[in-house]
Amino acid sequence: ASPFVEGDRLYRTGDLGRYLPDGNLEFLGRNDDQVKIRGYRIEPGEIVAKLCEHAFVREAVVVARQSRAGDKHLIAYVVCAPEAGEGEGDGGGLAGALRAHLSARLPDYMVPAAFVPIAALPLTPNGKLDRNALPAPADQAYALAAYEAPQGAVETALARIWAELLGVERIGRHDHFFELGGHSLLAVQMLSRALELGLSFSAADLFQAPVLKEFASKIHVEPQPSSRGVISVRSTGSQPPLFFVPTGFGDCSYVLALVEEMDVDCPVYALPWPPFNDVCSPTLEAMAAEVILAIKEIQPRGPYRFAGYSSGAVLAYAIAEQLLRIDEVVSFMAFIDVSSPADTSNASHINLAREFVLERCGILRDECGEVFEGYTEQCSISELLEKAQQIGALPPDHDLHSDVSMYQRAARFHQALQSYRVPSLPIEIHQFYASELLVSPGLSPDEQLHRKANSPNKGWDLVLDAGAIHAVPMPGNHATMVNNPENRQVLARAISRALIGTVK
């Protein structure tokens with residue numbers, strides 16, 4: 001409906017273009033091809049435009065596909081030009097050349113994980129791209145190094161984990177985790193699985209040595225596998241460690257990229273959600289007590305330092321509450337756009353379920369929002385996900401069971417959050433708040449927690465003295481302040497300054 005003339009309708013073409021320096025418009029494709037991967041909204045047309053600048057490429061298309069492990073990533077399908085030659089057109093060499101070409105021109109999150117050579121783009125009878133006819137990428141489509149079998153138990157165990165997470169059948173000891181499509185979220189999963197096998201290392205080791213052979217050389221084998229699930233992000237430093245808590249959806253992948261940009265002289269750890277009891281709904285106090293056991297194994301005595309993003313950071317506050325009760329010192333608390341639960345009303349689980357499903361719909365989020373309007377009240381999370389699959393918003397092979405399990409954990413955490421009575425503690429907090437509002441229909445309860453309080457204090461002045469809150473504006477909204485690389489760099493430097501300033 002038109003906001004200008006009552007009764008009129010407005011239409012959008014969906015054509016995507018950009019102005020060139022000479023004033024001309026360049027057509028990049030259809031806006032309805034936009035995809036969302038790990039929080040980034042990506043225009044495949046921009047990637048195609050850069051691909052077609054390479055001499056090896058005559059035509060190309062970029063789509064988002066789900067891997068066997070359930071991870072969504074970009075795949076480029078390329079019709080090779082004669083210049084590609086015999087050696088490049090069969091896959092491996094082509095993937096390496098095109099990945100290097102795009103890496104020099106685009107941010108990492110826009111570089112496809114695989115490059116599939118095809119004779120011609122498949123078309124439907126009316127001349128549009130037939131996405132269903134695009135083949136699944138074979139191993140040759142990835143930027144694999146010349147294969148040499150993994151050596152020793154550590155390399156073999158890592159290669160098996162990489163293959164499962166990256167969707168590649170065979171991993172060699174010279175292969176590169178990130179060039180095969182790895183990213184922070186997969187790195188967290190890889191670290192968690194390795195810890196279960198007793199392999200000890202930090203996330204920094206992976207970023208510094210992403211080739212399997214070099215990475216394996218940095219790993220220590222522990223006599224007993226870790227049962228706590230704490231991820232070491234940075235293992236060294238002369239100052240007390242910094243502990244990050246997961247978000248309200250249990251995600252700690254944001255920590256890896258953020259810490260890469262931080263300039264601090266301390267170990268950094270990402271704390272897990274504790275296991276949820278299947279019978280009793282957990283309280284935030286019980287969760288905090290469980291996490292403190294893991295913290296004490298790493299740092300038996302204070303001063304303790306914490307940081308957290310989104311509503312999950314309230315868990316850090318509950319941890320601080322219990323540590324103070326036993327006369328420990330909490331010297332630093334960084335909140336990344338976190339509103340106080342004391343300033344929010346109980347938001348319904350219906351909205352939480354709706355937002356959870358819409359987040360997985362990616363590009364079709366807005367269209368699905370209309371479909372699910374009024375539908376969420378009568379349906380379970382399983383039925384909502386199945387409905388999204390029926391209307392084509394989720395692929396047929398999407399792992400619904402994994403999504404249901406993740407949602408149930410998030411819902412139980414949210415329930416614990418809602419019942420938490422926030423006490424006033426004798427501590428100071430550094431509130432790094434988003435300077436832009438997150439504009440989105442049907443906000444989840446997790447998002448409402450940081451949207452409701454528009455003041456820089458985010459409602460914590462209802463709990464603490466205003467002088468105990470150090471509010472610092474950050475560029476971007478609640479999502480882009482962490483997802484956008486430029487914004488994340490500003491945030492990382494601000495946290496580093498605050499952390500250094502508290503060192504006595």
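Note that the numbering runs from 1 along the sequence shown for the chain.
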- Task: Applying ring pair (Phe, Tyr, Trp, His ring centres under 6.0 Å), name anything that partners Tyr309, two or more places apart in sequence or on another chain.
- Result: Tyr254, His478

- Message: For a 4.5 angstrom cut-off between non-hydrogen side-chain atoms, does Gln322 reach Glu285?
- Response: yes

- Task: For residues Val314 and Phe335, determine if any side-chain heavy atom of one lies less than 4.5 Å from a side-chain heavy atom of the other.
- Result: no

- Query: Mind checking whether His183 and Phe178 have side chains closer than 4.5 Å, heavy atoms only?
  - Reply: no

- Which of Ser192, Pro272, Ser253 passes side chain to side chain contact (heavy atoms under 4.5 Å, CB included) with Ile231? Answer is Ser192

- Query: Heavy-atom distance under 4.5 Å between the side chains of Asp337 and Phe432, does that happen here?
  - Reply: no

- Query: Can you name the residues that form a side chain to side chain contact (heavy atoms under 4.5 Å, CB included) with Ala307, not counting sequence neighbours?
  - Reply: Leu242, Phe244, Ala334

- Apply the test side-chain contact (heavy atoms from CB on, under 4.5 Å) to residues Leu74 and Arg65: give CA-CA distance (whole Å), side-chain angles for both, the deciding distance (0.1 Å), then the verdict. CA-CA 6 Å; Leu74 296 171; Arg65 288 186 69 117; over 6 Å; no

- Task: Show your reasoning for whether side-chain contact (heavy atoms from CB on, under 4.5 Å) applies to Phe177 and Leu166.
- Result: CA-CA 8 Å; Phe177 182 79; Leu166 299 171; 4.2 Å; yes

- Query: Going by heavy atoms in the side chains, are Leu165 and Arg193 under 4.5 Å from each other?
  - Reply: yes

- Item | Qualifying residues under side-chain hydrogen bond (donor to acceptor under 3.5 Å, both in side chains), relative to Thr480, sequence neighbours excluded | Asn477

- Message: Could you work out, with side chain to side chain contact (heavy atoms under 4.5 Å, CB included) as the rule, every residue matching Ser382, not counting sequence neighbours?
- Response: Ser380, Val404

- Task: Could I get the full list of ring pair (Phe, Tyr, Trp, His ring centres under 6.0 Å) partners for Tyr420, not counting sequence neighbours?
- Result: none

- Message: Could you check whether any side-chain heavy atom of Tyr433 comes within less than 4.5 Å of a side-chain heavy atom of Pro473, counting everything from C-beta outward?
- Response: yes

- Query: What distance do Leu102 atom CG and Asp108 atom CG have between them, rounded to the nearest 0.5 Å?
  - Reply: 11.0 Å

- Message: Tyr317: which residues meet the ring pair (Phe, Tyr, Trp, His ring centres under 6.0 Å) condition with it, sequence neighbours left out?
- Response: Trp460

- Task: Take Cys266 and Arg305 through the test side-chain contact (heavy atoms from CB on, under 4.5 Å) and record every step on the way to the result.
- Result: CA-CA 10 Å; Cys266 67; Arg305 310 195 294 180; 3.4 Å; yes

- Task: Apply side-chain hydrogen bond (donor to acceptor under 3.5 Å, both in side chains) to His470 and list each qualifying residue two or more places apart in sequence or on a separate chain.
- Result: Glu428

- Which residues pass the salt bridge (charged side-chain N to carboxylate O under 4.0 Å, His left out) test with Arg173, sequence neighbours left out? Glu148, Glu155

- Please assess Phe215 against Trp162 for the test side-chain contact (heavy atoms from CB on, under 4.5 Å), listing each intermediate value before the final yes or no. CA-CA 12 Å; Phe215 178 48; Trp162 286 23; 3.9 Å; yes

- The complete set of salt bridge (Lys or Arg N to Asp or Glu O under 4.0 Å) pairs with one or both residues in residues 251-271, sequence neighbours excluded, reads none

- Given side chains that start at C-beta, do those of Met262 and Val268 come closer than 4.5 Å, heavy atoms only? no

- Query: Side chains of Glu328 and Leu324: does their closest heavy-atom pair fall under 4.5 Å?
  - Reply: no

- Task: Report the residues that fulfil side chain to side chain contact (heavy atoms under 4.5 Å, CB included) with Pro241, sequence neighbours left out, ordered by chain and then residue number.
- Result: Phe243, Pro267, Tyr269, Gln299

- Query: Checking side chain to side chain contact (heavy atoms under 4.5 Å, CB included) against Ile319, which of Leu284, Val330, Val291 comes through?
  - Reply: Val291

- salt bridge (Lys or Arg N to Asp or Glu O under 4.0 Å) pairs touching residues 312-321, sequence neighbours excluded, are Glu321-Arg325

- Item | Under the side chain to side chain contact (heavy atoms under 4.5 Å, CB included) test, residues paired with Ala316 that sit two or more places apart | Val245, Phe306, Met333

- Separation between CG of Leu258 and SG of Cys252, rounded to the nearest 0.5 Å: 12.5 Å

